[in-house]
Participant: 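First the structure, then my questions, so here it is.
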Amino acid sequence: MTQEFTADEKKSLAPFFTNLDSNIFGLKLPQEVAGALFSRYSRSTKSLRRTFLDEFLGDPELALKDLFGAQTSASDDSAALKKARAFYDRVLVGYGDDSVAQLGGAHIACENISNVAAKLLEDARIGIAPLEKSTRYVRFDQEDANGDYLFYREPKIMASRHRDEYVRVMNLLFETYSRQMEPMLENIARSLPIEQLEVRDPTTGKGLSYDEAKRDERLKRWAETAYRATVRAHACDVLRSYLPAATLTNVGIFGVGQAFEYLASKMYSHELSEAKELAAAMHGELNQLIPSFVKRAQINDYLVSTSAAAKALAADMMPAAPADANDSVALIDYDRNAEEKIIAAILYPYVRHPLQQLRQIAVRMNAEERRNILVEYFAKRRHRRDKPGRAFENVYYTFDILGNLGLYRDLHRHRILTQERQEFTTVHGYDTPQEIEDAGFKAAFDQCMAEAAGLYENIVRDLPFEAQYVVPFAYKVRWYMKMNLREAVHMCELRTMPQGHPDYRFIAQEIWRRIQEVHPTLAECGKFVDWKSYRLGRLQSEMRTEFKKSAMEKEV
């Protein structure tokens, strides 16, 4: 039953809530006020709107009537909003704790930052949602107003003896990328002409040859537009191998206050100048949006000292050269009694037995009994969006991965797992896309990679952290991923879809192969891992996009 309000009360409440007569409603309040209100609400017997009406709306310190009566927004630096933020601080002391800072958030755009800095931002997981400029849909052969390519001029490098060589090699990489773009588009289109591809009617799902599709003017238009977009994306996929980690990109972030506060502190505490500058710039903007939530954002002595200590230990204890381990995916550890753990967790919500007893029961089952339970549990999945249940979170795998920087950028975006990377380097070698060779560009490609490696070796002696900026996306980076089986299903099914980049499709397939080797029965839950290889795999996806665009245009 919803709260009843008088006519006058409804009039007072209306500006602050999406509705007044439903149990489900939204808040139209400054972030600090919403956080404070939720905090007070958690300790009150009243409804939220009644709490707001009785304890917030009329409070002279809060001055909400002034705030909305003057039609000011939550981002205005008005006296009323300052009062609201001061009120938040008072309520936080009285009723709240750190978790209140999870109840308000902000959107921040970070433009013209390097890929090195972008990875530092996106390394944040809980409470942060980033979205980065695509290397697939956006060409990076643009120049700025001064005619310069879009790469980060790292201050320490630019102030060092490496300045001229840094600028020369960065320009070489971008010039080669730009010069090869049009020939690469032509070569891909020539090697995979539209006439040889099957297209699929988005309305019926029926597979058609291009000759069949072009009999329908609408299908012909969709197919040709999708084909051009797919060829362009494929060329960008290939040529991004040239792009250095210094390449400028844009990252949009939504985050809750608590996550932003920690992220800013982490960036303030990093060794790179760009990270510190970015922290200060973000902090300044967050102070205009959610200042009460980021008050404690500052350099963290603990992070600084532990990082320095670990770095010193690594330098003292590790042999000079790493072992020769070049497997793309190595399974380092996994649960030995995985089936028993998952079966016990499957049964747990539906019985009254303790978990330990259920595990003992599962241990006593024979292999066929365990298999029957597991198959029954995941056999009914219709598509990858039917997620395996939480029982699959009880089993973990740790993978050591060696893959190029380009594919790392894509897999790094998965956040419901633990992952940590080593610094970007040229010591592990690089991947050469087959299309580079097919187009006759291998000699130029190898020359660019050699120039970048030489520059890296020169800079790393003087500026070990800053040397990362020169590493092209083709070079391999090492990182580990620790994930439970539920996340592994999600990641491997998603990242092996036809439209996925071939590099990360391979890594996802290899991860699932390792799981199959140790847990063959459990691996049957990954029903939608795609094992095929594709060229121009995005075509059907682009066709569906064109169909949706056409449908929307019709509605308008």
Participant: In terms of side-chain geometry, is the basic nitrogen of K266 or E261 positioned less than 4.0 Å from the acidic oxygen of its partner?
Facilitator: no

Participant: Quick one: pull up CE in M181 and CZ in F140 and give me the separation to the nearest 0.5 Å.
Facilitator: 10.0 Å

Participant: Should the pair E165-R163 be classified as a salt bridge under the 4.0 Å nitrogen-to-oxygen rule?
Facilitator: no

Participant: Decide yes or no on side chain to side chain donor-acceptor pair (under 3.5 Å) for H490 and K387, but give the supporting numbers first.
Facilitator: CA-CA 7 Å; H490 164 71; K387 306 298 183 188; 3.3 Å; yes

Participant: Test ring-ring contact (aromatic ring centres under 6.0 Å, His included) on Y456 and F424; report intermediate values, then the result.
Facilitator: CA-CA 10 Å; Y456 173 86; F424 300 145; over 10 Å; no

Participant: Before giving the answer on salt bridge (Lys or Arg N to Asp or Glu O under 4.0 Å), spell out for D141 and R179 the whole-Å C-alpha distance, their side-chain angles and the decisive distance to 0.1 Å.
Facilitator: CA-CA 9 Å; D141 49 358; R179 185 173 64 252; over 6 Å; no

Participant: Just by distance, do the side chain of R415 and the backbone of D123 share a donor-acceptor pair under 3.5 Å?
Facilitator: no

Participant: Decide whether D438 and N187 meet the rule of one side-chain donor and one side-chain acceptor closer than 3.5 Å.
Facilitator: no

Participant: Looking at K482, H519, E487, R514, which one forms a side-chain hydrogen bond (donor to acceptor under 3.5 Å, both in side chains) with Y397?
Facilitator: H519

Participant: Compare every heavy atom of A223 with every heavy atom of V199, then report the nearest pair and how far apart it is.
Facilitator: CG1-CB, 4.2 Å

Participant: I'd like to know if the side chain of S307 reaches the main chain of V304, judged simply by a donor and an acceptor atom lying under 3.5 Å from each other, with no hydrogens or angles considered.
Facilitator: no

Participant: Check whether the side chains of N458 and H162 place a donor and an acceptor atom closer than 3.5 Å, and report yes or no.
Facilitator: no

Participant: Any chance CZ of R390 has more than 12 other-residue heavy atoms, nucleotides or ligands included, within less than 6.0 Å?
Facilitator: no

Participant: Tell me whether K220 is salt-bridged to E224, with the criterion being a basic N under 4.0 Å from an acidic carboxylate O.
Facilitator: yes

Participant: Taking atom types as modelled, find out whether E274 and Y469 have a side-chain donor-acceptor pair closer than 3.5 angstrom.
Facilitator: yes

Participant: So how far is it from L131 CG to R413 CZ, rounded to the nearest 0.5 Å?
Facilitator: 7.5 Å

Participant: Do M282 and F260 come within less than 4.5 Å of each other through their side chains, counting heavy atoms only?
Facilitator: yes

Participant: Does a side-chain heavy-atom distance below 4.5 Å link Y166 with N171?
Facilitator: no

Participant: Can you tell me how far apart CD (E143) and OG (S178) are? Round to the nearest 0.5 Å.
Facilitator: 7.0 Å

Participant: Measure the spacing between CG of L411 and CD1 of I401 and express it to the nearest 0.5 Å.
Facilitator: 6.5 Å

Participant: Donor-acceptor check, side chain of T306 to backbone of L303, threshold 3.5 angstrom: yes or no?
Facilitator: yes

Participant: Could you go through V329 and I507, starting from their C-alpha distance and side-chain angles, then the distance that decides it, and tell me whether this counts as side chain to side chain contact (heavy atoms under 4.5 Å, CB included)?
Facilitator: CA-CA 7 Å; V329 176; I507 294 294; 4.0 Å; yes

Participant: Please check if the side chain of D201 supplies one atom and the backbone of G205 the other of a donor-acceptor pair under 3.5 Å.
Facilitator: no

Participant: Can you find a side-chain donor-acceptor pair between N300 and S265 that sits under 3.5 Å?
Facilitator: no

Participant: With heavy-atom distances below 4.5 Å as the criterion, would you say the side chains of L243 and P472 are in contact?
Facilitator: no

Participant: Using a 3.5 Å distance criterion without hydrogens, assess whether the side chain of R153 forms a donor-acceptor pair with backbone atoms of F151.
Facilitator: yes

Participant: Evaluate E132 against R409 for salt bridge (Lys or Arg N to Asp or Glu O under 4.0 Å), listing each step before the verdict.
Facilitator: CA-CA 10 Å; E132 184 180 352; R409 293 173 72 259; 2.8 Å; yes

Participant: Got a second to check how far R478's CZ is from D400's CG, nearest 0.5 Å?
Facilitator: 5.0 Å

Participant: Does a donor on one side chain and an acceptor on the other come within less than 3.5 Å for Q258 and Q102?
Facilitator: yes

Participant: Does the side chain of M481 come within less than 4.5 Å of M491's, by heavy atoms?
Facilitator: yes

Participant: Search all heavy atoms of Y430 against all heavy atoms of T432 and return the closest pair with its distance.
Facilitator: CE1-OG1, 3.4 Å

Participant: Taking atom types as modelled, find out whether Q180 and Y242 have a side-chain donor-acceptor pair closer than 3.5 angstrom.
Facilitator: yes

Participant: How many angstroms lie between CG in L219 and NZ in K206, if you round to the nearest 0.5 Å?
Facilitator: 10.0 Å

Participant: Under the 3.5 angstrom rule, does the side chain of N146 hit a backbone N or O of D148 as a donor-acceptor pair?
Facilitator: no

Participant: Check whether any side-chain N or O of R240 sits under 3.5 Å from a backbone N or O of A474 as a donor-acceptor pair, and report yes or no.
Facilitator: no

Participant: Could you go through the salt bridge (Lys or Arg N to Asp or Glu O under 4.0 Å) check for E182 and R139 one step at a time?
Facilitator: CA-CA 11 Å; E182 292 305 321; R139 289 172 54 159; 3.1 Å; yes

Participant: Are the side chains of T249 and I113 in touch, meaning some heavy atoms are under 4.5 Å apart?
Facilitator: yes

Participant: How close do A264 and A279 get, heavy atom to heavy atom, and via which atoms?
Facilitator: O-CB, 3.6 Å

Participant: Answer whether the closest heavy-atom distance between the side chains of D431 and Y475 falls below 4.5 Å.
Facilitator: no

Participant: Is it the case that the side chain of E122 and the backbone of H412 share a donor-acceptor pair, with hydrogens and angles ignored and the cut-off at 3.5 Å?
Facilitator: no

Participant: Kindly confirm or rule out a cation-pi arrangement of K156 over F465, judged by NZ or CZ under 6.0 Å from the six-membered ring centre and within 45° of its axis?
Facilitator: no

Participant: Strictly distance-based, threshold 3.5 Å: is any side-chain N or O of E493 a donor or acceptor partner for the main-chain N or O of F528?
Facilitator: yes

Participant: Examine the side chains of Y152 and N115 and answer whether a donor and an acceptor come within less than 3.5 Å of each other.
Facilitator: no

Participant: Taking atom CD1 as the centre, does I332 end up with more than 12 heavy-atom neighbours from other residues, nucleotides or ligands that are less than 6.0 angstrom away?
Facilitator: yes

Participant: Does L485 reach the side chain of E393, with side-chain heavy atoms less than 4.5 Å apart?
Facilitator: no

Participant: Does one side chain, of Y334 or T398, offer a donor that lies under 3.5 Å from an acceptor on the other?
Facilitator: no

Participant: For side chain to side chain donor-acceptor pair (under 3.5 Å), just list the numbers for Q499 and Y534, CA-CA rounded to whole Å, side-chain angles, deciding distance to a tenth of an Å, and then say yes or no.
Facilitator: CA-CA 8 Å; Q499 58 265 43; Y534 299 92; over 6 Å; no

Participant: Are side-chain heavy atoms of D503 and N404 found at a separation under 4.5 Å?
Facilitator: yes

Participant: Relative to the ring of F174, is the ring of Y149 parallel (under 30°), tilted (30 to 60°) or perpendicular (over 60°)?
Facilitator: parallel

Participant: What are the two closest heavy atoms between G105 and I290, and how far apart are they?
Facilitator: O-CG2, 3.7 Å

Participant: Tell me whether R505 contacts the main-chain N or O of M497 through its side chain, where contact means a donor paired with an acceptor under 3.5 Å.
Facilitator: yes

Participant: Quick one: do the H414 and R495 side chains pair a donor with an acceptor below 3.5 Å?
Facilitator: yes

Participant: Stepwise, does the salt bridge (Lys or Arg N to Asp or Glu O under 4.0 Å) test hold for K442 with D446?
Facilitator: CA-CA 6 Å; K442 188 174 187 307; D446 288 342; 2.6 Å; yes

Participant: If I compare all heavy atoms of L248 with all of S114, which pair ends up nearest, and what's the gap?
Facilitator: CD2-N, 4.1 Å

Participant: Which atom pair, heavy atoms only, marks the closest approach of V470 to P244?
Facilitator: O-CB, 4.1 Å

Participant: Strictly by modelled atom types, are S209 and D211 linked by a side-chain donor-acceptor pair under 3.5 Å?
Facilitator: no

Participant: If we ignore angles and hydrogens, is there a donor and acceptor under 3.5 Å between the side chains of H270 and K276?
Facilitator: no

